Number of protein chains: 2
Amino acid sequence: MTIRLLIVDDQELIRTGLRLILETQEDFEVVGEAADGREALARAEELRPDVVLLDIRMPRMDGVETTAHLTADGPTPPPRVLILTTFDLDEYVFGALRAGAAGFLLKDASRERLIEAIRVLHAGDALLSPSVTRRLVEAFAGRIRPPTPPGLLNALTPREREVLVLVARGLSNTEIAGRLVVTEATVKSHLGAVLAKLGLRDRVQAVVLAYENGVVVAGEPA
Amino acid sequence: MTIRLLIVDDQELIRTGLRLILETQEDFEVVGEAADGREALARAEELRPDVVLLDIRMPRMDGVETTAHLTADGPTPPPRVLILTTFDLDEYVFGALRAGAAGFLLKDASRERLIEAIRVLHAGDALLSPSVTRRLVEAFAGRIRPPTPPGLLNALTPREREVLVLVARGLSNTEIAGRLVVTEATVKSHLGAVLAKLGLRDRVQAVVLAYENGVVVAGEPA
DNA sequence: CCGTCCCTCCCCCCGGGGGTGGAGGACAAC
DNA sequence: GTTGTCCTCCACCCCCGGGGGGAGGGACGG
């Protein structure tokens with residue numbers, strides 16, 4: 001069973017270069033090429049490739065937007081999208097992954113890695129350049145900037161930290177009191193201690209601090 | 001310049017196997033071994049390895065907790081942690097990455113990939129097994145996606161969105177009024193509209209929603 | 001045993017924030 | 001012109017949330 005490929009890049013030289021590399025593999029078949037995003041969508045619809053190799057920087061429609069269309073309202077089942085680019089800028093990486101890309105390789109990758117990436121994607125997994133993986137891991141771990149974890153945060157008592165988390169979930173003092181099975185007066189004094197220790201004005205700033213320092217993380221369930 | 005390695009696994013067979021593989025590389029030096037997490041922490045403190053190969057399942061202290069100690073309150077600079085495990089269960093993967101691991105390989109990986117991973121980690125980047133990469137990408141794309149991006153948020157007028165952002169920065173109505181050069185009354189009515197449209201109770205919940213839906217992003221400057 | 005820390009709770013005060021119900025002007029669309 | 005939306009602002013009321021200041025009991029360590 002062959003893997004059907006669509007190559008999308010605005011530079012013809014790159015396209016043919018890729019085609020030559022990829023056609024060395026018996027089970028690869030380059031079914032088409034496209035020079036920009038719009039054309040890529042049309043080709044994908046008509047040729048039903050398994051994997052689409054996509055450049056980020058293209059006229060008319062860039063790679064991120066193209067990815068979004070391919071994975072959202074494109075052919076069903078959607079093709080696997082492998083981003084190929086010279087730049088690993090954050091906005092590209094995160095944008096592309098958010099849009100549904102399954103792979104992200106820099107153009108300085110070896111041909112072996114490119115071929116491996118296509119096989120990996122076709123198998124349903126994902127493969128990224130090491131530097132991209134690093135960014136993603138860092139973003140996930142949220143440890144890119146842990147500015148105040150030990151300094152101020154561990155000045156809080158366990159109970160105070162607990163209150164802070166609930167405040168950061170958007171709960172009112174009454175609700176927090178209910179959740180912790182104490183009176184509202186207690187919650188207020190705990191929260192008062194938190195604000196004083198962290199040098200904050202009100203609970204709103206406490207919420208901001210909680211998110212900025214990873215006390216709570218966007219996307220995690222309560 | 002050699003790369004100093006510490007091998008941590010509760011099974012001696014695995015440890016010596018790894019050692020044999022790794023010592024084929026001229027620039028690798030296995031400086032020590034440990035059979036569990038506690039021992040690993042002590043060895044790391046004394047031997048200062050560049051990269052620690054860590055099994056997840058170990059007696060006394062598991063790999064995730066060990067990772068957290070190594071990267072947080074361990075030696076400075078902290079070693080790069082490469083998780084080696086037979087299982088790619090979600091709780092392991094996410095826990096380890098959150099704790100500060102830079103790599104995550106399944107034990108069925110080829111020796112070439114293992115060696116490559118160590119080099120990549122030592123260079124400051126990250127490397128994961130394809131299946132793990134897939135989970136991470138999905139978690140990343142899926143987490144920040146589904147909440148309420150267009151549905152409710154684009155019901156807001158530009159001005160209302162602007163107010164929401166400032167609220168999410170922790171500003172009071174008076175401060176927002178100053179920033180936008182309007183009266184506080186105006187800010188209040190805008191904010192009132194935001195709360196009504198989004199079905200929120202108070203500005204605190206607005207902050208939470210802003211973070212959860214990417215209206216503002218932790219770590220971004222104001 | 002006594003000091004310290006933490007958790008718990010109370011009272012009083014009051015200011016900011018949110019809810020209600022408007023009103024007027026600018027501007028685009030119909 | 002008329003309608004609608006958006007931005008701007010006003011007055012009023014009320015209550016939650018935060019500050020001040022204090023107090024009692026349990027746990028822990030010196």
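Just so it is clear, the model here is predicted, and its values are computed rather than measured. We name chains A, B, ... by the order of the sequence lines, and we start the count at 1 in each one.
Across all their heavy atoms, A/Leu82 and A/Ala117 have their closest contact at CD2-CB, 4.2 Å.
Distance alone, capped at 3.5 Å, places no donor-acceptor pair between the A/Asn173 side chain and the A/Ile176 backbone. For B/Asp9 (side chain) and B/Gln11 (main-chain N/O), a donor-acceptor pair under 3.5 Å exists by modelled atom type.
A/Leu191 has its CG atom 8 Å from the P atom of D/dG19, to the nearest Å. Following rounding to the nearest Å, B/Lys188 (NZ) and D/dA11 (P) show an atom-to-atom distance of 12 Å. Taking atom CG of residue B/Leu180 and atom P of nucleotide D/dC9, one finds them 10 Å apart after rounding to whole Å.
In this structure, a donor-acceptor pair under 3.5 Å is present between the side chains of A/Thr183 and A/Thr186.
Checking B/Pro158 against A/Arg203, the closest nucleotide of DNA chain D that is more toward the 5' end is the one next to B/Pro158.
Of all nucleotides in DNA chain C, those with any atom nearer than 4.0 Å to a heavy atom of chain A start and finish, going 5' to 3', at C/dC6 to C/dC10.
Partner of A/Leu84 under the side-chain contact (heavy atoms from CB on, under 4.5 Å) criterion, out of A/Leu53, A/Ile7, A/Ile56: A/Leu53 alone.
Residue contacts shown for B/Gln205 are absent, as no nucleic acid heavy atom lies under 4.0 Å away. Among the atoms of the strands shown, base atoms are found under 4.0 Å from some heavy atom of B/Ser189.
Look at B/Thr186 and you won't find any side-chain N or O under 4.0 angstrom from OP1 or OP2 of D/dC7.
Ionic pairing of B/Asp55 and B/Lys107 is present here: one or more N-O contacts between side-chain nitrogen and carboxylate oxygen are shorter than 4.0 angstrom.
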